[in-house]
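First the proteins, then the strands, lettered A, B, ... as listed; each starts at 1.
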Number of protein chains: 2
Amino acid sequence: MGPKEWFPELHPEPDGEPGRHRYDWAVTEPRSLADEPIHRDVALRLARNEQRYTRQRRTMVEALASIGRPATIGELIEAVGELPISTAYRNLAVLGDAGVVRRVNGTDEFARFELAEEVSGHHHHHAVCSSCGLVIDATSSARLEMALAETARAIAAENGFDVADHRLELVGRCLSCARTAT
Amino acid sequence: MGPKEWFPELHPEPDGEPGRHRYDWAVTEPRSLADEPIHRDVALRLARNEQRYTRQRRTMVEALASIGRPATIGELIEAVGELPISTAYRNLAVLGDAGVVRRVNGTDEFARFELAEEVSGHHHHHAVCSSCGLVIDATSSARLEMALAETARAIAAENGFDVADHRLELVGRCLSCARTAT
DNA sequence: GGCTAGTTTGAGAATCATTCTCATGTCAAA
DNA sequence: TTTGACATGAGAATGATTCTCAAACTAGCC
Ligand SMILES: [Zn+2]
Ligand SMILES: [Zn+2]
Ligand SMILES: [Zn+2]
Ligand SMILES: [Zn+2]
């Protein structure tokens with residue numbers, strides 16, 4: 001079956017929402033794309049994987065950057081506004097393969113996503129609330145990083161484990177949950 | 001309907017498998033239960049939650065102890081031998097509520113389970129293989145623990161986060177995966 | 001301008017680890 | 001033995017995540 005019309009009406013604009021009838025992920029944003037260094041970096045990483053930095057993907061990156069902590073799919077969709085779940089997951093996978101986004105595990109059943117450290121620019125760890133699942137970023141001291149590197153070396157020596165990275169989660173209760181009852 | 005016979009045959013033993021017709025999770029193991037200190041501890045913790053330390057649960061605890069690293073459901077079932085999935089998950093939840101078992105997140109989609117540190121007796125961290133998902137235990141140095149405590153204090157001061165515990169994962173490649181191709 | 005090839009999108013279906021249901025088996029105490 | 005409470009397990013249900021595929025879009029060529 002061919003449900004596609006040969007001559008689709010040019011500008012249907014249903015429901016009086018101008019511009020909503022066409023995909024809004026045009027790649028050719030004339031010049032503003034290269035302005036922000038983060039976007040330039042993301043575009044480069046996507047290009048390495050032969051992927052386009054579409055408007056929707058840029059919106060997702062901006063939402064992740066503005067949220068400032070690992071966001072669930074729900075939080076991301078809410079921040080972006082209009083964003084189908086299937087597209088959200090697929091683009092997160094694309095951005096993940098490109099090294100732009102990384103997945104963060106908390107204590108609840110929801111996956112969270114944040115900009116990769118190579119993109120956001122600062123190495124950090126996480127504090128996760130065992131009560132509500134909130135995850136916030138936690139900066140790391142030089143002393144801690146040295147001790148971590150030392151531990152990584154020991155593990156490599158003892159178990160032949162080639163340690164390339166580390167993830168630290170401080171588990172406790174967030175300010176909001178601490179105020180509420182047990 | 002009452003499918004139960006008033007006078008069930010005493011020892012049906014179907015299919016010639018002696019003893020398989022009755023549940024083999026009798027709680028009243030005359031005396032051997034209190035022998036091992038670990039089992040005594042587990043029994044106590046379960047009793048606090050008004051749960052019984054059945055034979056099957058003991059088998060699961062022994063399997064987790066013998067595996068010596070966070071085990072997936074599949075690994076646990078294989079180690080126990082006969083163990084329905086629903087029972088495995090339910091008992092892991094019961095043991096988790098009792099503080100006997102804790103859930104460990106790796107890099108793959110499978111949850112892993114190990115004896116809680118209060119039961120196994122030693123605080124430790126994990127090294128996870130980003131290629132195959134294997135998780136092994138990693139001992140921690142006093143220096144690292146001090147740096148971790150320091151970080152926890154800083155996070156509490158900065159964000160009002162009440163840090164109660166920490167989890168460290170060293171991510172890399174296990175010996176087996178390092179031998180194989182990229 | 002239009003035409004073609006390749007990519008992105010999104011609604012819905014499918015996947016699958018995990019959880020739930022409930023009939024039945026078992027224990028403990030009266 | 002009876003009663004009440006708990007444990008088991010086969011199968012159904014759940015739900016976050018992934019997959020499918022037709023339609024919408026862009027880029028490059030004519
Ligand atoms: Zn909280
Ligand atoms: Zn973070
Ligand atoms: Zn491996
Ligand atoms: Zn462990």
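Ring geometry for A:His126 against A:His124 counts as perpendicular: the plane angle is over 60°, on a 0 to 90° scale with 30° as the lower cut.
Side-chain nitrogen and oxygen atoms of B:Arg57 include at least one within less than 4.0 Å of the OP1 or OP2 phosphate oxygen of D:dT8. Applying the 4.0 Å criterion to OP1 and OP2 of C:dT9, one finds that A:Thr87 has every side-chain N and O outside that range. Residue A:Arg52 places none of its side-chain N or O atoms closer than 4.0 Å to OP1 or OP2 of C:dG6. Contact check, A:Gln56 against C:dT9: a side-chain N or O comes under 4.0 Å of OP1 or OP2. Between B:Asn91 and D:dA7, a side-chain N or O to OP1/OP2 separation shorter than 4.0 Å is absent.
Rounded to a whole Å, the CD atom of A:Glu82 is 16 Å from the P atom of D:dA24. As rounded to whole Å, 18 Å separates atom C1' of D:dC6 from atom OH of B:Tyr53. Here the C1' atom of nucleotide C:dA17 and the CG atom of B:Leu92 are 13 Å apart, to the nearest Å. D:dA7 atom C1' lies 13 Å from atom CG of B:Leu83, rounded to whole Å. Counting to the nearest Å, the P atom of C:dT9 and the CD1 atom of A:Ile77 are 14 Å from each other. Put simply, CD on A:Gln51 is 17 Å from P on D:dT26, counting in whole angstrom units. Going from atom CG of B:Asn49 over to atom P of D:dA5 covers 19 Å, rounded to whole Å. At whole-Å resolution of the value, CZ in B:Arg58 and P in D:dT8 are 13 Å apart.
Applying the ring pair (Phe, Tyr, Trp, His ring centres under 6.0 Å) rule to pairs touching residues 71-97 of chain A yields nothing, sequence neighbours excluded. Sequence neighbours left out, the pairs with a member in residues 154-178 of chain A that pass ring pair (Phe, Tyr, Trp, His ring centres under 6.0 Å) are A:His123-A:His166, A:His125-A:His166.
In this view, A:Asn105 and B:Asn105 satisfy the side chain to side chain contact (heavy atoms under 4.5 Å, CB included) rule, not counting sequence neighbours. In terms of the salt bridge (charged side-chain N to carboxylate O under 4.0 Å, His left out) criterion, B:Glu158 has no residue partners (sequence neighbours excluded).
Counting non-hydrogen atoms under 4.0 angstrom, B:Glu50 reaches nothing in the nucleic acid.
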Table please: side-chain donor-acceptor pairs of residues 92-104 of chain A below 3.5 Å, with sequence neighbours left out.
residue: A:Arg102; atom: NE; partner: A:Glu114; partner atom: OE2; Å: 3.1
residue: A:Arg102; atom: NH2; partner: A:Glu114; partner atom: OE2; Å: 3.4

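Between B:Val119 and the choices B:Val61, B:Leu64, B:Ile38, the side chain to side chain contact (heavy atoms under 4.5 Å, CB included) rule is met once, by B:Ile38.
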Completion exercise
Once base and sugar-phosphate atoms are separated, protein heavy atoms under 4.0 Å mark nucleotides 12-20 of chain D, 5' to 3', with B, S and - as ----SBBB-

